[in-house]
Protein chains: 2
Amino acid sequence: MIDRYSPEKIYMQIANAIEADLKDGFEAGDVYLSEKTLTEKFGVNRHTVRRAVEELVKQNILEKRHGFGTFVAEKRLAYSIKSHHRLSQAIAEKGSEVETHLLEKKRIPALGSVAEKLQLKNGDEVLQLDTLRKINGKPIALISHFFPIAIVTDAFDRYESGSLGSFLAKHCDIQAKRISSQVSASMPNAQDSFRLGMSSTQPLMKVKTLNVNLKTNQLVEYSVTRFRGDMMQLELLMK
Amino acid sequence: MIDRYSPEKIYMQIANAIEADLKDGFEAGDVYLSEKTLTEKFGVNRHTVRRAVEELVKQNILEKRHGFGTFVAEKRLAYSIKSHHRLSQAIAEKGSEVETHLLEKKRIPALGSVAEKLQLKNGDEVLQLDTLRKINGKPIALISHFFPIAIVTDAFDRYESGSLGSFLAKHCDIQAKRISSQVSASMPNAQDSFRLGMSSTQPLMKVKTLNVNLKTNQLVEYSVTRFRGDMMQLELLMK
DNA sequence: TGCCATTTGTTCGTATGTATC
DNA sequence: TGATACATACGAACAAATGGC
């Protein structure tokens with residue numbers, strides 16, 4: 001079953017063998033063999049089967065759940081246009097319920113792009129708020145907000161959920177205005193994919209935005225939003 | 001440096017530490033520290049730093065080459081979306097060399113979103129042109145252009161390479177103006193990842209745009225651009 | 001050319017942590 | 001609570017690619 005003298009890596013041989021095995025008696029959603037079973041079946045180390053399974057998870061063929069097992073991934077036909085939420089639409093749609101939850105709040109030294117964007121010195125303190133955005137109960141986006149400490153007031157301590165924009169307007173007299181956005185696609189890290197309840201093989205759409213105070217024109221917020229790539233589509237309408 | 005009693009996994013602590021380190025003294029293209037060095041620096045096992053680096057590779061922050069080392073990933077190229085702005089112009093301004101190659105040309109019945117966007121009946125004929133865009137010799141984007149047959153003239157037969165926008169202006173008297181763009185992130189299919197010379201585990205950034213003829217205001221083109229997610233970043237400037 | 005040091009890649013072994021049922 | 005299964009982390013050895021001499 002395994003050719004230890006083949007130039008093809010053992011984990012790839014196993015990945016291929018598993019893939020063939022799946023087509024022969026397994027259906028989407030079925031629980032697949034445990035790592036222990038696979039270890040015995042192929043006569044290799046557990047790490048090696050883990051590496052093989054990892055390969056198939058990356059390809060969306062298997063899924064894993066800690067403490068439960070490995071199972072055959074559901075087919076994702078979900079890419080039809082209709083299943084995409086449009087940011088502008090989804091929020092405006094009647095019946096779409098948008099929630100925002102505060103996940104974390106901490107003071108950190110501004111590093112790299114955060115310092116650069118907010119025009120601070122490397123190491124200047126900023127307040128970081130991480131929030132989770134849900135639409136109709138489903139996690140859609142994670143947002144890390146960065147505020148220069150200079151604009152942070154005690155009012156921030158009271159924020160717990162709901163629109164951060166409205167909160168700033170009401171309690172801090174800050175009307176934020178977006179002056180630029182940068183959009184890119186990348187893969188999620190473990191924490192982000194967990195928090196968004198998505199497969200780590202699905203991409204994120206990252207939107208980095210810089211906001212100024214509409215009145216004073218001062219830089220007040222830099223934020224990094226990670227949208228679930230499979231659920232969100234940005235819509236840009238030209239004038 | 002490493003807190004072994006933190007609930008945050010060691011490999012994530014290291015990934016974060018490396019990310020901060022990178023912003024402080026490393027530039028795109030620089031060779032980063034070897035696994036051995038990192039192992040000593042953080043006082044952990046080599047597997048653990050490998051896991052951390054893996055995390056950053058997934059996020060397009062580091063790149064690895066077998067037998068050579070780890071280096072800081074190149075910054076994504078930025079591309080501003082503005083109405084009247086063409087990709088070739090946007091990039092050319094930065095002094096990069098842009099090539100466009102025709103991959104395929106065919107007449108097909110408009111289906112689904114193509115018909116919908118161009119306001120055609122399902123099954124109406126459209127001309128599809130697939131082009132590959134390279135910047136400094138590297139494949140960056142695949143574009144599928146769809147034109148209603150009504151606007152297609154014999155001139156189209158002469159198109160082989162170069163800016164399609166300029167071609168339309170010169171030979172078909174069409175000045176295209178973008179009226180909307182939709183941006184999303186998704187994984188590439190086998191053909192796209194092959195044509196773009198990228199890993200099938202890296203995401204694409206898809207930009208769907210709808211263009212009208214500036215003079216007549218008629219819908220003239222719908223296009224779907226697949227950018228390599230690891231090489232491109234859209235930039236949106238407000239106002 | 002070929003050899004060597006360096007660096008990443010693969011595989012084995014072992015132990016312990018943590019989630020699920 | 002216990003059994004099972006995946007997750008993390010340590011240690012060791014060898015393979016394979018790279019670049020310099």
E35(A) CD to dA5(D) P, in whole Å, measures 10 Å
Check this for me: does the side-chain of R46(B) come within 3.5 Å of the base of dA12(D) through a donor and an acceptor? no
Which listed nucleotide (dT11(C), dT8(C), dC10(D)) is nearest to the side chain of K9(A)? dT11(C)
Output the rounded distance in Å from CE (M12(B)) to P (dA9(D)). 11 Å
Salt bridge or not for E54(A) and K58(A), using N-O below 4.0 Å? no
How many whole angstroms separate atom NZ of K36(A) from atom C1' of dT14(C)? 16 Å
Any side-chain heavy atom of V72(A) sitting closer than 4.5 Å to one from I61(A)? no
Expressed as a whole number of angstroms, how long is the span from F194(A):CZ to dC6(D):C1'? 14 Å
Can a side chain N or O of R65(B) be found less than 4.0 Å away from OP1 or OP2 on dT6(C)? no
Would you say a side-chain N or O of N45(A) is under 4.0 Å from OP1 or OP2 of dT11(C)? no
If we check ring-ring contact (aromatic ring centres under 6.0 Å, His included) with Y32(A), which of these qualifies: F26(A), F68(A), F71(A)? F26(A)
Could you tell me the separation between the CD atom of E63(A) and the C1' atom of dC6(D), rounded to a whole number of Å? 15 Å
Closer than 4.0 Å, any side-chain N/O of Y11(B) to the OP1 or OP2 of dT8(D)? yes
Verify the contact: side-chain N or O of R51(B) to OP1 or OP2 of dT8(D), cut-off strictly under 4.0 Å; return yes or no. yes
If the cut-off is 4.0 Å, is S34(B) near the phosphate of dT6(C), judged by side-chain N/O to OP1 or OP2? no
Expressed as a whole number of angstroms, how long is the span from R4(B):CZ to dT8(D):C1'? 11 Å
So does K64(B) get a side-chain nitrogen or oxygen closer than 4.0 Å to the phosphate oxygens (OP1/OP2) of dG9(C)? yes
Need to verify one output field. Residue with the more 5' nearest nucleotide on DNA chain D, V44(B) or R50(A)? R50(A)
Value in whole Å for how far the P atom of dA9(D) lies from CD of E55(B): 11 Å
Please examine the side chains of K106(A) and E104(A), heavy atoms only from C-beta on, and report whether any two atoms are closer than 4.5 Å. yes
Ignoring hydrogens and geometry beyond distance, is the side chain of H47(A) in donor-acceptor contact with the base of dA7(D) at under 3.5 Å? no
What is the distance, rounded to the nearest whole Å, between atom CD of E54(B) and atom C1' of dT8(C)? 13 Å
Within less than 4.0 Å of OP1 or OP2 of dC12(C), is there a side-chain N or O belonging to T48(A)? yes
Could you please name the option among dC10(D), dG9(C), dC21(C) that lies closest to any side-chain atom of F68(A)? dC21(C)
So F147(A) and F156(A), ring pair (Phe, Tyr, Trp, His ring centres under 6.0 Å) or not? Walk me through it. CA-CA 10 Å; F147(A) 302 95; F156(A) 274 80; 5.0 Å; yes
